[in-house]
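Working notes for the structure below.
We name chains A, B, ... by the order of the sequence lines, and we start the count at 1 in each one. Computation of the quantities below employed the complete heavy-atom set of this structure, encompassing side-chain atoms and omitting hydrogens, waters and symmetry-equivalent molecules.
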Number of protein chains: 2
Amino acid sequence: MNSGKRKLDQTDPKDVPKAVVNRLSLYLRELQHLLRNGKTTISSNQLGRLLGFSDAQVRKDLTCFGHFGHPGIGYRCEELVSAIRRILGTDRLWTVALLGVGNLGRALLGYKGFAAKGFRIVAAFDADPRKANTTIDGIRVYSLDSLDEIVRQHQIQLVMLTVPAAAAQAAADVVVAAGVSGIVNFAPVTLSLPEHVSLVGVDLATELEQISFSVANRINSR
Amino acid sequence: MNSGKRKLDQTDPKDVPKAVVNRLSLYLRELQHLLRNGKTTISSNQLGRLLGFSDAQVRKDLTCFGHFGHPGIGYRCEELVSAIRRILGTDRLWTVALLGVGNLGRALLGYKGFAAKGFRIVAAFDADPRKANTTIDGIRVYSLDSLDEIVRQHQIQLVMLTVPAAAAQAAADVVVAAGVSGIVNFAPVTLSLPEHVSLVGVDLATELEQISFSVANRINSR
DNA sequence: CCGTGTGAAATCGTTCACAGCC
DNA sequence: GGCTGTGAACGATTTCACACGG
């Protein structure tokens with residue numbers, strides 16, 4: 001009965017440009033920083049200035065999701081933080097696993113920034129049997145064989161893939177088969193995944209290439 | 001004498017959309033992969049398919065920089081790899097320093113993928129005096145005091161910043177003062193830098209947030 | 001034929017400018 | 001007066017569709 005006739009004043013999330021979601025993360029980060037410094041309220045103009053965006057852009061981005069501002073006042077930081085966390089889906093706790101306990105994997109296992117953002121790494125996996133049954137930064141490392149079981153047991157939803165490039169697609173397939181819904185891929189290869197699994201790729205060498213281009217052409221990127 | 005009258009058949013690099021440069025990195029990665037598998041030639045359609053782009057997009061992206069294709073044939077992989085490397089500026093060797101020898105910093109010092117892409121990490125720095133004068137994965141760690149001297153000595157052009165958030169802006173200022181031209185910032189803060197220094201930000205928690213949003217809204221981000 | 005390069009059309013995202021509210 | 005929310009204008013990027021080359 002709750003069909004399409006209800007007045008929509010928010011954009012369907014599927015139609016929100018990826019760039020907007022990216023900026024949402026930046027707004028959130030900045031707002032949390034401002035809150036720690038005791039700021040309670042901020043205008044779109046100020047927030048935009050801090051991040052290098054226009055005031056109109058900040059407002060447009062936010063109104064994709066609802067009405068969070070107070071005319072004459074601006075945005076209340078705490079309120080907006082809650083709203084953005086709800087939009088991003090980080091108002092709840094995500095359980096995350098990490099595959100590939102190499103240099104980068106170990107670094108991510110020890111990274112302190114995830115917990116505060118709503119992500120808890122609950123298990124790690126590695127193909128090397130000598131790494132199985134060890135513990136790194138309080139996180140248990142399992143053999144790949146037990147991935148299925150552990151994923152279901154901990155209801156793991158997201159995976160960070162830090163395996164070597166050559167192993168990445170196979171690892172991703174295993175992860176998908178276990179029912180995970182999203183993957184952050186740090187391996188420098190293009191993965192092919194079924195439609196229903198979300199994917200974000202982070203390629204460290206690629207980031208350096210972007211800087212290389214900017215510097216070689218004396219562009220100030222961003 | 002070589003003024004603006006020469007017929008331009010390439011877009012001014014300053015006018016090339018950032019997204020295009022990003023895709024260039026992906027084309028390069030894929031082409032190198034194809035070459036390793038013995039493929040010598042590829043069409044815009046095939047290359048696009050592998051990466052999830054349209055054939056027209058691939059061609060448009062490439063023609064920003066010149067004429068690399070061969071009608072009826074496609075693109076010769078080796079030729080295109082050279083061209084893209086030249087465009088990205090990675091046909092030469094960049095010297096890179098890393099600041100902040102924590103978990104993530106150590107992982108990047110050991111990352112094997114940079115060398116093949118044209119980046120050599122020649123020095124690391126840390127504020128902790130106990131880390132100075134050690135060597136990690138063959139890379140010498142220096143105290144921050146010597147940054148100026150080492151940067152000039154090795155002609156370091158790029159820096160990867162892996163210091164704690166609270167230290168990032170100050171560290172960036174030091175790096176800029178030493179004359180570095182580009183920074184990849186892994187600290188979860190917005191840096192403010194002079195116009196002439198290029199900046200790319202990589203925030204690991206932010207990447208997870210993007211996945212969180214996609215999964216929470218059942219979008220296939222890609 | 002196959003496949004590139006490219007104007008023209010369509011789509012998408014950003015900025016403008018102002019009505020309305022505190 | 002300050003500031004949001006928003007249609008309309010603008011600018012940028014992507015897709016289309018086809019002329020031309022091997």
Integer-rounded Å distance: dC21(C) C1' and His67(A) NE2: 13 Å
Nucleic acid footprint by protein, nucleotides 10-18 of chain D - heavy-atom cut-off 4.0 Å, B for base, S for sugar-phosphate alone: ---SSBBB-
Atom-to-atom span, CZ of Arg76(A) to P of dC22(C) - whole angstrom: 11 Å
Parallel, tilted or perpendicular: rings of Phe53(B) and Tyr27(B) (30°, 60°): perpendicular
Ring geometry between Phe213(A) and Phe65(B) (parallel below 30°, tilted from 30 to 60°, perpendicular above 60°): perpendicular
Exercise: do Gln210(A) and Ser25(B) side chains pair donor with acceptor under 3.5 Å: yes
Asn103(B) CG to Lys112(A) NZ distance, which is reported to the nearest 0.5 Å: 6.5 Å
Any Ser44(B) side-chain N or O less than 4.0 Å from OP1/OP2 of dT4(C): yes
Spacing of Leu80(B) atom CG relative to dT4(C) atom C1', expressed in whole Å: 13 Å
Salt bridge flag under 4.0 Å for residues Arg23(B) and Asp61(B): yes
Ile42(B) CD1 to dG3(C) C1', straight-line distance once rounded to whole Å: 13 Å
For Ala205(A), all residues meeting side-chain contact (heavy atoms from CB on, under 4.5 Å), sequence neighbours excluded: Asp203(A), Phe114(B), Lys117(B)
Phosphate contact (dG5(D) OP1 or OP2) by Tyr75(A) side-chain N/O below 4.0 Å: yes
Sugar-phosphate, base or nothing in reach of Gly69(A), heavy atoms under 4.0 Å: sugar-phosphate
Closest-nucleotide ordering on DNA chain C, the 5'-leading residue of Asn45(B) and Ile73(A): Asn45(B)
Rounded interatomic separation in angstrom, taking CZ from Phe65(B) and P from dT6(C): 14 Å
Reference residue Thr162(A); test side-chain contact (heavy atoms from CB on, under 4.5 Å); the match among Leu99(A), Leu108(A), Leu109(A): Leu108(A)
Interatomic distance, Leu47(A) CG vs dT4(D) C1' [rounded to whole Å]: 14 Å
Interatomic distance, Gln46(B) CD vs dG3(C) C1' [rounded to whole Å]: 10 Å
